[in-house]
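The block underneath contains the structure these notes are about, expressed in structure tokens.
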There are 4 protein chains.
Amino acid sequence: MGKVQRKEREFHMRRAAILAEAEKIFSAKGFHKVTVAQIAAASGFSTGFLYQFFEGKEHLYTAMVSEKLDMMYDTIYREVKAAGNTKDKISVLIESHLCFVEENMDFCRIFLRGEGDTLSGVMTEIRRKLLEDYLRQLSFVEKLLKEGVKEGVIRALPPREMAGVLIHMIRAASVRWLMVPSEGSLTSQKRFIEDIFLNGVKKNE
Amino acid sequence: MGKVQRKEREFHMRRAAILAEAEKIFSAKGFHKVTVAQIAAASGFSTGFLYQFFEGKEHLYTAMVSEKLDMMYDTIYREVKAAGNTKDKISVLIESHLCFVEENMDFCRIFLRGEGDTLSGVMTEIRRKLLEDYLRQLSFVEKLLKEGVKEGVIRALPPREMAGVLIHMIRAASVRWLMVPSEGSLTSQKRFIEDIFLNGVKKNE
Amino acid sequence: MGKVQRKEREFHMRRAAILAEAEKIFSAKGFHKVTVAQIAAASGFSTGFLYQFFEGKEHLYTAMVSEKLDMMYDTIYREVKAAGNTKDKISVLIESHLCFVEENMDFCRIFLRGEGDTLSGVMTEIRRKLLEDYLRQLSFVEKLLKEGVKEGVIRALPPREMAGVLIHMIRAASVRWLMVPSEGSLTSQKRFIEDIFLNGVKKNE
Amino acid sequence: MGKVQRKEREFHMRRAAILAEAEKIFSAKGFHKVTVAQIAAASGFSTGFLYQFFEGKEHLYTAMVSEKLDMMYDTIYREVKAAGNTKDKISVLIESHLCFVEENMDFCRIFLRGEGDTLSGVMTEIRRKLLEDYLRQLSFVEKLLKEGVKEGVIRALPPREMAGVLIHMIRAASVRWLMVPSEGSLTSQKRFIEDIFLNGVKKNE
DNA sequence: GATGAATGAGCGTTCATTCAT
DNA sequence: GATGAATGAACGCTCATTCAT
């Protein structure tokens, strides 16, 4: 009988629903200004019931950030891998990243706010995860660029540093777009980032 | 009579002393983990007395961050202005920025932690300030690069976007250095940033 | 038709099973540290089902203590009644009591722990029961001693007070044995209690 | 200047006032049914202020019980030591004990209730203290009786056991008096306890 | 009959802020 | 001016109880 499966399905749907509400609320107000009761109310559950899904407020927050980030990285990595040569991969990397930010503004604003504080045990994990994700991405891009060097399309600069630069050029555009209630779409910045990253700003006389 | 002036002088010295202690403590523990009593104790004043200088904990925090940042930007702008041509200015901009981060690790880590949350009215101000500072810096660098374009040393790309890229390349290096208990000094990254910003990563044919 | 009887029989078996588990768990952890869910799980029933047998957690607790005590007193009274003369009866009273404590350590420790608090209506009942039981025992022993007086083997002291003394001499030994992870069996104290109760401690010169 | 002393004096008076109120309330309702707010209100202070005197609810409770017991034992020991021969000492021991119970009914009722549960760290201490106090009292009385044996007024029975019996004969009377809203003063029981303890209940020949 | 998912009241504790001295 | 004693609002979490199935 599929009763167990139905239960499980329901469990995950509810969990997802809670996380979705949590994302909205945390994104809007920040971890400390949100009460468990608010998330419960928004989710349409009682406070106590949330504890069936998450061990506590911090776990809930952690899960929400963590899973959202996993989603982002998964998408990016998958799309990059599907691309052809190194230049295409770089292009896709940039676009995919910007795309996620554009579609998840509120969530991303969490990182402008930071919120990483209160390193009270559970929260520390999120920091570790953030760092790990960052380093993994760094390595991923590094490998990408190394191949570019091998292919002869990229200068033989320190690859990890180059990776750092590329990643933060992307973040740069994202941050500006998030901070300044700005003009135009974020993805429209892709060409520009690509251009500067590849060619620099110096005019070859 | 200079009594009023003496009072004022004393006021500012005390205020500065409090901010100095606040910086240490907030940097080390984060906004939420610090109590007003701790700052008072470290400053050698009573809790109540702090309220003569700041309207509340958040104002104190805001003031501390704000003034520290002003200091940073003032230094950078001053040094950049003192430099010669555009390339030198870019060079100094990078170096000056990295230098500040290197010398104020704990303070800068505040921004990794975020802490910007609690947008409860007062805190929002800090966000606005952060944004303003950012935009001002963007404009400053934009102007710099525009001159570079005029001088013919820089390609005629959208200057504001270029400025964003440069600033975030600097921030990129800073963030990595702060996050990863890494190897080597931060300032040693200067040449590298300069190189990529000016020349890009693409190997010319 | 015996259907009703079967139902009833089943009801009582289940009730007894729950009480048996409850005794173990409450004895080990104390009223406040035990959750209804734990007892339900241990009994192999659902939480909701327990409420078919008991009105609530306190009632369950009360019932368990109450019935266990009834059991104890029943045993003691039966054994005493079966004994021959007054001295034997006293001897059996002591032994039977100590025996129960020895065999039900965990349960008895409940009374060291107290647990009688929370006099929230229902719990008060247990207090009343405790008192009633105590008074009944007092009367029982009183009657015993009165006969002893009549028989001329016991001094004509106030019988109720004597009864109190005897009961508490027994409790004294029990409490000490429960509190101090002590040496030797509890029942070995019987002769001693008997001796002092009958002869006092004064050396007849 | 006696300012510090005045402060200290005030501190102790307030602490004592809180403990006095706490005693009343805890005695009446039991640890779990009392809220910090109630004690605060009864003491005329705000909840937060109580935490200047005690680390938390449990510490407050522990302190109250502990200090009250110390008071009791101090009084008893002092009075016993001041008495003349062994028989007088025994007499004083009984009287002093009964007297305390009579004058501190509500407090003593705590031990009928037990309350020893919730052995959550701090509470465990109270158990340890209770045990220690008990053992110390046991030793105290034991020594007393040993001297009695040496003096030839007491039979050479195991002194520790005898001590246990005496203590619990006293407690017996106390418990009965506390449980049964009874007739007559508790101290009137002294002669009786003394008599039975010394002479037993057996009618000679 | 049995279940167990769902509820939501209840409480200890912290700490920014005030104000009498 | 300076103090620091006193305040009390605010919140995460547990778990006995209920009731739809």
Side-chain angles (χ1 to χ4, degrees), chain A residues 3 7 10-11 14 32-41 43-61 120, chain B residues 7 10-11 14 31-41 44-61 120 122, chain C residues 7 10-11 14 31-41 44-61 120 122, chain D residues 3 7 10-11 14 32-41 43-61 120:
Chain A
K3 201 171 136 195
K7 283 284 165 200
E10 197 188 43
F11 180 89
R14 284 167 160 174
H32 294 287
K33 290 284 180 187
V34 170
T35 68
V36 172
Q38 285 164 2
I39 297 173
S43 312
F45 296 114
S46 64
T47 55
F49 200 38
L50 294 204
Y51 288 80
Q52 300 254 338
F53 300 88
F54 307 95
E55 288 178 46
K57 189 188 178 190
E58 294 197 338
H59 280 87
L60 170 51
Y61 182 77
S120 60
Chain B
K7 283 284 165 198
E10 195 187 45
F11 180 88
R14 283 168 161 171
F31 181 77
H32 296 286
K33 295 275 186 190
V34 170
T35 67
V36 173
Q38 284 164 2
I39 297 171
F45 296 112
S46 65
T47 53
F49 200 35
L50 294 204
Y51 287 78
Q52 300 259 331
F53 300 89
F54 307 96
E55 289 177 44
K57 189 189 177 187
E58 295 196 338
H59 280 87
L60 168 51
Y61 181 76
S120 61
V122 188
Chain C
K7 283 285 164 199
E10 196 188 45
F11 180 88
R14 283 169 162 170
F31 182 76
H32 295 287
K33 294 276 186 190
V34 170
T35 68
V36 173
Q38 284 164 3
I39 297 171
F45 297 113
S46 65
T47 54
F49 200 34
L50 294 204
Y51 287 79
Q52 300 259 331
F53 300 88
F54 307 96
E55 288 178 45
K57 189 189 178 189
E58 294 196 338
H59 280 88
L60 169 51
Y61 182 76
S120 62
V122 188
Chain D
K3 200 170 137 196
K7 284 283 165 200
E10 196 187 44
F11 180 88
R14 284 168 159 173
H32 295 286
K33 290 283 180 186
V34 170
T35 67
V36 173
Q38 285 164 1
I39 298 173
S43 312
F45 296 113
S46 64
T47 55
F49 200 37
L50 294 204
Y51 288 80
Q52 299 255 337
F53 300 88
F54 306 96
E55 289 178 44
K57 189 190 177 188
E58 293 199 337
H59 279 88
L60 168 51
Y61 182 76
S120 59

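Letters A, B, ... are given to chains in the order of the sequence lines, protein chains preceding strands, and every chain is numbered from 1.
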* side-chain N/O B/Ser46 vs F/dT3 OP1/OP2, d < 4.0 Å -> yes
* Asked: 5'-most contact on DNA chain F: D/Gly44 or C/Phe49, nearest heavy atom basis?
  -> D/Gly44
* Determine the minimum heavy-atom distance between B/Phe31 and B/Glu58, stating which atoms define it. => CZ-CG, 3.6 Å
* Give the rounded distance in Å between these two atoms: CZ of D/Phe54 and P of E/dT14. => 15 Å
* Asked: Taking only side-chain nitrogens and oxygens of A/Arg14, does any of them come within less than 4.0 Å of OP1 or OP2 of E/dA5?
  -> no
* Asked: In which stems does DNA chain E show up, taking only runs of three or more Watson-Crick or G-U wobble pairs whose two distances fall under 3.5 Å?
  -> E:2-21 with F:2-21
* Structure fact -> Shortest non-hydrogen pair, C/Phe49 vs C/Arg14, comes out as CZ-NH1, 3.9 Å
* Structure fact -> To the nearest angstrom, the CG-C1' distance between D/Leu60 and E/dC11 comes to 15 Å
Report, one pair per line, the protein and nucleotides 16-18 of chain F atoms (nitrogen or oxygen only) whose separation is under 3.5 Å.
unit_1: F/dA16; atom_1: OP1; unit_2: C/Val34; atom_2: O; d: 3.4
unit_1: F/dA16; atom_1: OP1; unit_2: C/Lys57; atom_2: NZ; d: 3.2
unit_1: F/dA16; atom_1: OP2; unit_2: C/Val36; atom_2: N; d: 2.8
unit_1: F/dT17; atom_1: OP2; unit_2: C/Tyr51; atom_2: OH; d: 3.0
unit_1: F/dT17; atom_1: OP2; unit_2: C/Lys57; atom_2: N; d: 2.9

* **Gap separating the CD atom of B/Gln52 from the CZ atom of B/Phe45, nearest 0.5 angstrom** => 10.5 Å
* Could you give the CZ-to-P distance, from A/Phe53 to F/dC13, as a whole number of Å? -> 16 Å
* Hey, is the side chain of A/Gln52 poking within less than 4.0 Å of OP1 or OP2 on E/dA6, counting only N and O atoms? -> no
* **Per D/Lys7 side chain, nearest of listed nucleotides E/dA2, F/dA5, F/dA2** => F/dA5
* To do: Only counting residues at least two apart or in another chain, list the ones meeting side-chain contact (heavy atoms from CB on, under 4.5 Å) with D/Phe11.
  => D/Arg15, D/Phe53
* Structure fact -> When rounded to whole Å, the CZ to P distance for the pair C/Phe45 and E/dT3 reads 7 Å
* Asked: Atom CD1 of B/Ile39 and atom CG of B/Leu60: how far apart are they, to the nearest 0.5 Å?
  -> 4.5 Å
* Output all residues satisfying side-chain contact (heavy atoms from CB on, under 4.5 Å) with A/Ala41, sequence neighbours left out; order by chain, then residue number. => none
* Contacts of type side-chain contact (heavy atoms from CB on, under 4.5 Å), residue C/Tyr51, not counting sequence neighbours -> C/Val36
* **D/Thr35: partners by side-chain contact (heavy atoms from CB on, under 4.5 Å), with sequence neighbours left out** => D/Ala37, D/Gln38
* **Nearest-angstrom distance from the residue atom CG of B/Leu50 to P of F/dG4** => 12 Å
* **Distance in angstrom units between B/Lys33 NZ and E/dA16 P, rounded** => 13 Å
